[in-house]
Amino acid sequence: AQSVSQHNHHVILSEAASLELGCNYSYGGTVNLFWYVQYPGQHLQLLLKYFSGDPLVKGIKGFEAEFIKSKFSFNLRKPSVQWSDTAEYFCAVRSGGATNKLIFGTGTLLAVQP
Amino acid sequence: EPEVTQTPSHQVTQMGQEVILRCVPISNHLYFYWYRQILGQKVEFLVSFYNNEISEKSEIFDDQFSVERPDGSNFTLKIRSTKLEDSAMYFCASSAEGAGGYTFGSGTRLTVV
């Protein structure tokens with residue numbers, strides 16, 4: 001069965017520190033990859049997505065992610081975090097073909113200290 | 001920016017009761033979804049809906065669940081006889097295309113007591 005792993009469950013950083021959140025998936029075929037963010041008390045918002053083309057994807061709020069097919073990974077990065085980035089981050093995968101469903105990881109709770 | 005609207009934001013119900021969770025997807029979207037997140041667990045797919053019928057459903061989406069698009073704007077999830085383990089945050093989502101990124105609603109927190 002397809003699965004998505006986010007290895008960092010809880011990350012604490014100081015402002016201006018660099019961020020990298022890991023995401024690995026298990027599916028050998030074509031995939032679409034997503035990162036969503038959930039700020040406290042709010043809904044899931046799309047940060048960025050990868051469908052094809054340049055494996056380095058830039059999203060909103062200064063986030064980017066790199067698709068490395070050989071490693072089945074889609075790690076999220078931000079060079080300098082802000083206190084306002086405190087949120088939960090979810091990686092999600094849609095496998096190719098007829099399905100539209102997303103398989104989510106367990107999420108990473110990021111706390112940025114001022 | 002267009003939003004997916006969900007009501008109510010929080011519902012408490014007694015075990016065995018029926019609940020209907022409501023969603024208003026983005027108006028020009030054609031694909032609709034329900035997901036749920038039990039506290040402390042991952043977001044799980046329940047069902048997708050396109051062209052007035054279910055296009056895909058998960059193992060979780062058993063006979064006690066049903067979805068409906070009763071008019072041109074609403075998309076509902078009905079749980080016929082709620083159980084304690086149905087307590088979760090339920091998210092509605094919609095997309096313009098099947099393979100696109102979704103827009104999620106803010107969720108309905110269902111508490112079954």
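Just so you know, these numbers use all the heavy atoms, side chains as well, and skip hydrogens, waters and symmetry mates. Below, chain A is the first sequence line, B the second, and so on; all start at residue 1. Here the structure is a predicted model, which means the values were calculated and not measured.
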Heavy-atom cut-off 4.5 Å, strictly under: side chain, backbone, both or neither for Q38(A) against chain B? side chain
Would you please indicate yes or no on a ring centroid separation below 6.0 angstrom for Y89(A) and F63(A)? yes
Taking the six-membered ring of F34(A), is the NZ or CZ of K49(A) close enough (under 6.0 Å from the centre) and on axis enough (within 45°)? no
Y36(A) vs F104(B) aromatic rings, parallel, tilted or perpendicular, using cut-offs 30° and 60°? perpendicular
Please classify the contact of Y35(B) with chain A as side chain, backbone, both or neither, using a heavy-atom distance under 4.5 Å. side chain
At a 4.5 Å cut-off on heavy atoms, which part of Q6(B) comes close to chain A: side chain, backbone, both, or neither? neither
K78(B)/E68(B) ion pair, N-O < 4.0 Å: no
